[in-house]
Amino acid sequence: AAAAAAARRKAVPARQGGEAAAGSVACQEPVSPMLALGRGLCAVGRWADQAPWLAILLVQLVVLASYGAALAYEGYKMDDTVAISRNPNVVAEEVTLAEIMRRDFWGLPMHGAGWTNKSFRPLTTWTFRLNYLLHGLESSGFFIANVFLHCVASLLVGQTAMSVAGLSGSWAAIASLFFGVHPVHTENVLYLVGRADVLATIFGALALNMYAALYCPPPLLAVAAADEEAAPRKGWASNPAWLVFPTGLVVASGLCKETGFTLFALFLLMELLDFVDLRSLVARMGQRIPPRQWRRTRLRVILLGVATVFVFIARYRHTGGTTLNMSPQDNPISFESSKLTRMLSYAYLHGVYMRLLCWPQFLCYDYSMDAIPSVTTPLDCRLLLTCAGYVGLFGAVTVALRAPRRYRRAGLMSLAILVVSFFPASNILFPVGTVIGERLLYTPSVGFCLFVVAWLHRGFAGRPRPQTRHDEASAAHGVGRRNGKATSNGRANGRVQQVVDEAPPAPRQLRRLVLCFGVGSAVTAALVVRTLLRVQDWESSDTLFLHDGRIQPTSSKVQFNLGITHMQNQDWDSAVEALIRCAWADPLSSLPFYRIGQIEILRGRFETAEHYLAAAIDKFGASMMVRDEEVFHDLALAMFQNGKVEQAETRLRVALQLNPEFAKGWNNLACCMINRDIYDSTRALRKAVSLAPENPQYWANLALLAQHTGDPATASSAWRRATELWPAMPEPQDCTWEFAPAG
């Protein structure tokens, strides 16, 4: 009796549901750290499923930490200057809606004889304008806004994982984290013009979430039905009038970046997938789709088609078409004469983009010219990368089509986001203005991240968990059977079908969970580290140009910017070496020859400078970077120093014909012809001081020439003005040329 009483005291009360408790010996058995960690991960997962928004918000701390250094960054890089600090729609005192509508993303008129690339992104420009009104051209505010917007986009990716792919809160947080720390997004966040893609993704994600909630909610992956016979869930809205909201969000996405307009196709795909599932279900039941539901679906599809056509026609008419005025430096593949070469080269670019998504180890801000040579033969071994990308994509589509219905919807929608949003940048319909742009992968990477996480869920998720009240409340009503007839309430005999698995995870499942957690943590850490390193590269223009100049020696733009950086640091030898590499990569461009000529002038090597500057005149120039009159002016200076006075004067007059308000040209023309006609020189100097009255050197030269022409009053007043502007101005002994390399 005593032994029995002791045994009863040591016994553990039976669990709810009739499960017998183990004895005291079993209870005292130590639990391994792996199993304890597994149970802790299960608890965290259950908490994330119950509070998905809080879990997604918490992972944004990791995203914010990855880009935390950028919050203190300053300075504009490359096209940032054109799109922001020189854009009249951003920096003008007053900007009207009409001015915003008639200018492109770079502030240039879209209609007329001037250059434009038809980039009409008024909402992105408006956000730049808002930044400018808040803090002026202080660039750190733009970086802070970009980091914040990236966190918002990452958060919405997590919401899209739940609303479009049907993932639970824990897996949605993983998708949000995967997207937020992916290194390929650093260009979108730290290259200020990349904000266009971020905003387009934000509005696009909002549109997809809203449409899915209204009309096409996905099957819940975390709550499995008893079988695959469950009908598609039904959204909470049936009136097609609600279409105006997701349609408006898609239009807003397209007004941030042109790729946003392609999201109309995703609405149609959601409708198609739900229709196929519903038709398959009612066919197995021997019934037909309820006429009312079929009419509503058909009406929505018709309205979507009309809206899509209307929006595309409206944009085409407003921008005047999509023809781009590109140069060979922008997209050299489009200038290849062989159609086969263009097709093979563009196909290779698709493989490069896929590599950037799957293995973002090599990142660079430019891939122009010889960075990616054209593919001229199908036997080029580089096409193996393209084959791997195409096989992977088609394999993913095949796997998604053969998957159970609830995973088929998640897989196909994820792949559709990837393919549809990338299609405008694929060079299939029309050539784009760049060879490879990492920022172009921002929206497509949403689909990539969702697909990876959805298929990890399929591979690692065990038996379905119990359905929570939140899941039951959010489960929509599809088509069921009642009294032998097809109905649309999603219930069988008035009860929601579900599978309740109350058994705790087995030790084997816990070990598998811990192993997966370790692998996932290692991958996440690698992505975070790569992002941190890339963020450091983007600290300033100098750090970016120096780093990428070392790793990308065959890109003409990268080497040109590297040469300019060395030139600004007065490292003449390194500058010339980089500019020579630029000239080898792009022999048709005048820019490297022009800059080498300037460096040789600064070195005092005028014969070499004349050689390079004369070559620059005969090549293709970029008027947005260097004005043509600057090239003729610098060549004239080198010729004058080499004793070719008449030829120098001719070049200066050409420069002034190109730009009659070229003050530096008028000053140097006066110095060039002073020995031939001092009175014409004086008139040229008067023109120079009228154009640039704040330049003390021009006034000093005018004082010198007025003194030699017998005009003491002009000489005195000009000298007084020069010393007012610069009290330490030395008294001139000869007419002084001005040489200031153009920025």
Side-chain angles (χ1 to χ4, degrees), residues 78-79 117 183-184 186-188 191 194 197 324 326-393 422-442 444-445 534 537 544-545 547-563 578-589 591-592 620 622:
M78 297 175 288
D79 291 340
N117 66 351
V184 80
T186 50
E187 181 172 322
N188 295 92
Y191 193 16
D197 301 89
L324 302 179
M326 292 186 302
S327 67
Q329 286 78 10
D330 297 323
N331 189 347
I333 298 175
S334 63
F335 287 83
E336 291 286 350
S337 58
S338 172
K339 184 177 181 179
L340 177 63
T341 299
R342 294 197 300 271
M343 293 176 58
L344 294 176
S345 299
Y346 287 144
Y348 174 64
L349 297 184
H350 300 164
V352 175
Y353 277 118
M354 189 61 69
R355 184 193 66 194
L356 288 172
L357 285 175
C358 299
W359 187 254
Q361 186 271 332
F362 182 89
L363 298 173
C364 185
Y365 69 87
D366 183 77
Y367 297 79
S368 64
M369 299 305 290
D370 280 356
I372 299 182
S374 298
V375 180
T376 58
T377 172
L379 301 178
D380 195 319
C381 63
R382 291 178 294 167
L383 292 178
L384 292 174
L385 179 62
T386 301
C387 293
Y390 288 161
V391 169
L393 178 61
F422 176 73
F423 193 72
S426 64
N427 292 282
I428 294 177
L429 292 179
F430 48 82
V432 297
T434 185
V435 179
I436 291 289
E438 293 169 6
R439 60 187 178 277
L440 302 181
L441 288 175
Y442 195 85
S445 66
R534 190 57 180 163
D537 297 337
L544 179 65
F545 294 161
H547 176 270
D548 286 12
R550 289 192 297 268
I551 65 174
Q552 190 75 288
T554 55
S555 168
S556 58
K557 291 183 180 179
V558 170
Q559 292 305 308
F560 178 77
N561 289 331
L562 176 63
L579 292 170
I580 289 176
R581 288 194 295 269
C582 172
W584 275 106
D586 186 10
L588 299 179
S589 175
L591 296 178
F620 179 83

*Can you check whether Arg342's main-chain N or O pairs, donor with acceptor, with Ser345's side chain at less than 3.5 Å?*
no

*Compare every heavy atom of Pro332 with every heavy atom of Val435, then report the nearest pair and how far apart it is.*
CG2-CD, 3.6 Å

*Side-chain touch Tyr346/Asn331, heavy atoms, less than 4.5 angstrom*: yes

*Quick one: are Arg382 and Pro373 in side-chain contact, heavy atoms under 4.5 Å?*
yes

_Separation of Cys364 SG from Leu356 CG (nearest 0.5 Å)_ = 10.5 Å

_I'd like to know if the side chain of Thr341 pairs up with that of Glu336 as donor and acceptor (distance under 3.5 Å, no hydrogens or angles considered)._
no

*Look up atom OG1 in Thr377 and atom CG in Leu344, then write down how far apart they are to the nearest 0.5 Å.*
7.5 Å

*So do the side chains of Leu357 and Ser445 get within less than 4.5 Å of each other, counting heavy atoms only?*
yes

*Rounded distance [0.5 Å steps], CE in Met354 versus OH in Tyr390*: 9.0 Å

_Nearest 0.5 angstrom please: Leu579 CG to Trp584 CH2, how far?_
15.0 Å

*What are the two closest non-hydrogen atoms of Ala585 and Asp370, and how far apart are they?*
CA-OD2, 3.7 Å

*asked:* On a heavy-atom basis, which atom in Asp366 and which in Ser555 lie closest, and how many Å separate them?
replied: OD2-OG, 2.6 Å

*Can you tell me if Asp586 uses its side chain to pair, donor with acceptor, with the backbone of Cys582 under 3.5 Å?*
no

_What verdict does the side-chain contact (heavy atoms from CB on, under 4.5 Å) test give for Ile333 and Asn427, after you've listed the backbone C-alpha separation in whole Å, the side-chain angles of each residue and the deciding distance to 0.1 Å?_
CA-CA 10 Å; Ile333 298 175; Asn427 292 282; over 6 Å; no

_Quiz question: by atom type and distance under 3.5 Å, do the side chains of Gln552 and Tyr367 form a donor-acceptor pair?_
no

*Indicate yes or no: at least one non-hydrogen side-chain atom of Pro183 is less than 4.5 angstrom from one of Arg534.*
no

*asked:* Tell me whether Arg581 contacts the main-chain N or O of Gly563 through its side chain, where contact means a donor paired with an acceptor under 3.5 Å.
replied: no

*Any donor-acceptor N or O pair under 3.5 Å, side chains Tyr348, Asp380*: no

_Derivation and outcome, side-chain contact (heavy atoms from CB on, under 4.5 Å), residues Met78 and Asn561_ = CA-CA 9 Å; Met78 297 175 288; Asn561 289 331; 4.1 Å; yes

*Report the distance from atom CG of Asp537 to atom NE2 of His547, rounding to the nearest 0.5 Å.*
4.0 Å

_Backbone of Thr186 reached by a side-chain donor or acceptor of Tyr191 within 3.5 Å_ = no

_Interatomic spacing from OH in Tyr365 to CG in Asp548 - rounded to 0.5 Å_ = 6.0 Å

_Expected output: side-chain His350 to main-chain Ser426 donor-acceptor under 3.5 Å_ = yes

*Spell out, as yes or no, whether a donor-acceptor pair under 3.5 Å connects the side chain of Asp197 to the backbone of Leu440.*
no

*Decide yes or no for Thr386 and Val375: does some side-chain heavy atom of the first lie under 4.5 Å from some side-chain heavy atom of the second?*
no

